[in-house]
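Written out below as structure tokens is the structure these notes cover.
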Amino acid sequence: MKERYFWLALALIGISWITNSVYAQSKQLKEPIFLDHYIETTADDYNNLTFYYLANKNDQRHLNYFTINGLSAYAENEFIYLPDAPYNLQTFTHHVLRSKTINLSSIDFDYHYPDEDFIFSDVFAVFSDSTGIDASIGEVVIHPKEDNSISGDLPLMSTSSSMDTSGNSNYRYVATEPLTVEAISYPFYENSKEHISITSNRSGESDSNSTDVNLEDIVYPIYLDKGQTLRINFKTREEKSIQNPIAFILNISGTTEQGKAFNTSAWYNYQPYLTQSDVNSIIQAKTGRETD
Amino acid sequence: MNSALRRIFWGYLFIFFRIHIGIDLLMDPVGYLLIYSGCKKMADAYPQSKKPMAVALVGMVVSIPSVFVNLSEPTLAYSWSVYSIGLFIIKMVAAYYLFLLLMEIVNTLSEPALIHRTRNTFKYLIGFHLTAFALMSFYVNTSGDGWIVLNLIATIGVLLMDILFLFLLRAIRKVAPDSVRIDVTI
């Protein structure tokens, strides 16, 4: 008597297995999907470039290197012993978020792009099983190396900075001689205004009684006497999460009282943190497929 | 019959424990072989032993690859996890038919406490195995801590049931006569 029920239960569970497997199979990505990056950096050796991508949960391949416009880019100091499975930054129902960081020192900029910006929107990513995919990665701009030949104090010098991976950062600059700030500019990316708020304030030698002013509302020129400070604050707005990795350089430029032009930069860096619905919309946008 | 039950005991132990050092030291095919020979000894007296014999034969052949492949490694390819599920099903079916055999044996020994215990262990073992099996079918579509905990509980439950089964076998062995009793009616 019991035998019939036993086999019936087994059969029902078998159907559950088949249904679940078919559903899971429909969610699998054909190939890893890269997020849209909006990155601006300089070609200096100490800079890194990190690319984020979504892969299937059971995809065990490591990402070995990129080929960008014919140049190969590697990560240096790779461990000789790689763990069996690649590291997942985040895990979702069927997919995982991974990243690969390459050192800019592995690209010979002096030879290929000595004076001009290196801009690209696609990379060719090669995985550990020797398969490669063409991926569109948003837009990356690499400026030529910073000119570090200036010795002595910069006119507007950074005295402290703090940064976290959610893009919130603060920079404090002090004027080492009287100067005028004429412009503060940064590349304007789609929607960045919705997500990032940039404010600045100017104060005397003591840090109190100054108000944050939105960058758009600043009235130029700003005159700083010697010893006065300028602060730049980046704050990522909590209400809308950013799905893209964003990094850019904010440029403060002006002239000293003596007539010398100067340029100082503040860097903004955001490492994405995705939710399951972010993942679904990214996959839908990139593959044109319906997801849950 | 004592020795027959002893073989079934060791056979089942070989199947559900796995000590993998290079190869699986507690080899599944050997386990199924032991169950097969144990059932064969009782075949005349207890007709129910035919079914476990058949399953053990199938299990012997199908489980040969598991000797060489460590199925508990997480980085195995997808086809091996399908194979693991197949082995789990065979083990469950073997356990089920062994239980039917045990019920038959225990009924002839007419010890009510033992009969009761066998029936209970039967219910719980099959219940846990089927539940664990049903849960397993959803893991590929779920993620999160809750499901990991469920998986853990199900795995431990199945392990406990298997151990209880072995104890039950031992208890039946103690009460069983040395020679197989053949009922002859004239």
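Here the structure is a predicted model, which means the values were calculated and not measured.
Note that OG of A:Ser21 is 8.0 Å distant from CG of B:Asn141, once rounded to the nearest 0.5 Å. Taking OG of B:Ser137 as the reference point, atom CD1 of A:Ile18 lies at 10.5 Å (rounded to 0.5 Å). Between the OG atom of A:Ser16 and the CG atom of B:Leu135 there is a distance of 9.5 Å, given to the nearest 0.5 Å.
With a threshold of 4.5 angstrom between heavy atoms, B:Tyr139 does not approach chain A through any atom at all. For B:Ile126, the part lying under 4.5 angstrom from a heavy atom of chain A is the side chain only. Proximity to chain B is absent for every atom of A:Thr91, based on heavy atoms less than 4.5 angstrom apart.
Taking chain A as the reference chain and counting heavy-atom pairs below 4.5 Å, the highest number among B:Val140, B:Leu100, B:Ile89 is found for B:Val140. Counting heavy-atom pairs under 4.5 Å between each of A:Thr19, A:Ile13, A:Leu10, A:Leu12 and chain B puts A:Ile13 at the top.
For CH2 of B:Trp10, the number of neighbouring non-hydrogen atoms (other residues, nucleotides, ligands) closer than 6.0 Å is 12 at most. Within a 6.0 Å radius of NZ in A:Lys57, other residues, nucleotides and ligands contribute more than 12 heavy atoms. Around CZ of B:Phe9, the count of heavy atoms belonging to other residues, nucleotides or ligands within 6.0 Å exceeds 12.
A 4.5 Å side-chain heavy-atom check between A:Trp7 and B:Val93 finds at least one atom pair inside the cut-off.
Ring geometry for B:Tyr96 against A:Phe6 counts as parallel: the plane angle stays under 30°, on a 0 to 90° scale with 60° as the upper cut.
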